[in-house]
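Here is the naming used below: chain letters follow the sequence lines, and residue numbers restart at 1 for every chain. No experiment lies behind these values; they were computed from the predicted model shown.
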Number of protein chains: 2
Amino acid sequence: MKIPRPGLPVRGSKTGQPIMALLDLLGRSWAMGIIWHLYNGPSTFRGLQDYCESISPNTLNTRIKELRDCNLIKRTMEGYALTEYGEELFELLQPMGPWARNRWTESFKTDDPNSL
Amino acid sequence: MKIPRPGLPVRGSKTGQPIMALLDLLGRSWAMGIIWHLYNGPSTFRGLQDYCESISPNTLNTRIKELRDCNLIKRTMEGYALTEYGEELFELLQPMGPWARNRWTESFKTDDPNSL
DNA sequence: TCATATTGCTATTATTTTAATAGCAAAGCT
DNA sequence: AGCTTTGCTATTAAAATAATAGCAATATGA
């Protein structure tokens with residue numbers, strides 16, 4: 001699949017708006033999970049495989065390549081790690097954790113249809 | 001594909017941590033794009049099709065169903081719209097727009113390998 | 001009332017992604 | 001020399017998505 005880049009057309013958007021390219025990139029299987037995991041520290045290829053319980057090496061490889069090409073992760077001596085950009089992005093994603101745990105989970109418990 | 005739910009195992013995570021379920025849901029083609037678009041206001045099925053330039057009706061349908069089941073969007077008389085939860089989630093996603101435009105785009109212009 | 005348009009959707013087929021599995025070369029122990 | 005770890009590639013199978021056509025229900029307009 002074509003690697004998205006801000007400024008170039010991507011899957012579903014001919015304008016190349018940076019946000020569309022970013023959503024395309026992050027909306028691929030495991031992309032956000034990899035970023036999420038790497039915030040805990042560098043991880044080897046096989047460490048990532050273990051974390052993403054059902055990813056295939058092909059897919060992981062592809063995703064790694066894409067994320068590297070897009071400046072979000074890099075190789076280090078301890079394995080793959082977030083770049084400074086990757087860390088910034090993670091910090092934007094981070095609030096989703098508490099929101100999912102607290103608010104979103106709660107939405108499944110409501111029987112009041114008006115609240116949706 | 002199985003619809004993710006906080007507390008149940010999802011693609012790639014047996015623990016069912018809410019964040020994993022959320023990342024699974026959002027990491028499907030067009031899911032974030034649909035949420036992004038609907039923040040501008042309600043949109044019909046065909047309006048969404050136009051927005052997602054290359055989505056197929058099957059996929060759009062599936063995605064709509066998933067997002068509805070997960071309490072992020074709903075049907076209204078003016079078309080599909082974000083629920084209160086969907087709006088909250090969008091607001092968490094929103095900062096990615098400026099970041100993509102300003103910081104991320106900039107990362108592609110750098111020739112200094114040390115900055116990555 | 002008859003045609004036309006819009007909407008939400010299904011069906012079918014083709015293409016693209018992803019998963020499952022095996023395995024290999026290089027490097028580092030022991 | 002044998003064993004492990006690491007980062008992959010190759011092959012095949014399954015699943016997701018796209019492309020395209022089209023339908024039933026409701027509205028609109030002449």
Ionic contact status for B/R63 with B/E66, cut-off 4.0 Å: yes
Separation of C/dG8 C1' from B/K65 NZ (nearest whole Å): 15 Å
Nearest-Å distance for atom pair CD/P, residues A/E78 and D/dG7: 12 Å
Phosphate-side-chain proximity, A/S56 and C/dT18, N/O vs OP1/OP2 below 4.0 Å: no
Whole angstrom value for the distance that separates P of D/dT17 from CG of A/D24: 13 Å
A/Y80 vs D/dT6: side-chain N/O to OP1/OP2 distance below 4.0 Å: no
Rounded distance (Å) that lies between atom P of D/dC8 and atom CZ of A/R63: 15 Å
Closest listed nucleotide, where the reference is the side chain of B/R75 and the choices are C/dT18, D/dC8, C/dC9: C/dC9
For atom CZ of B/F45 and atom C1' of D/dA24, their distance in whole Å: 15 Å
Under 4.0 angstrom between B/W30 side-chain N/O and D/dA16 OP1 or OP2: no
Side-chain-base donor-acceptor pair under 3.5 Å for A/N58 and D/dT11: yes
Sugar-phosphate, base or nothing in reach of B/R11, heavy atoms under 4.0 Å: nothing
Side chain A/N71, main chain B/S107, donor-acceptor under 3.5 Å: yes
Cationic N near anionic O, under 4.0 Å, B/R46 to B/D50: no
Atom-to-atom span, CD1 of A/I55 to P of D/dC8 - whole angstrom: 13 Å
Candidates C/dA19, D/dG7, C/dC9 - which lies nearest the side chain of B/P57: C/dC9
Any A/T59 side-chain nitrogen or oxygen under 4.0 Å from OP1 or OP2 of C/dA19: yes
Of B/Q49 and B/E66, the one whose closest DNA chain D nucleotide lies more 5': B/E66
Along DNA chain C (nearest heavy atom to each residue), the more 5'-positioned of A/R46 and A/L60: A/L60
Separation between CE of A/M32 and CG of A/L72, rounded to the nearest 0.5 Å: 12.5 Å
Euclidean distance, atom CG of residue A/L48 to atom P of D/dC8 [Å, nearest integer]: 11 Å
Separation of D/dG7 P from A/N61 CG (nearest whole Å): 10 Å
Parallel, tilted or perpendicular: rings of A/W36 and A/F90 (30°, 60°): perpendicular
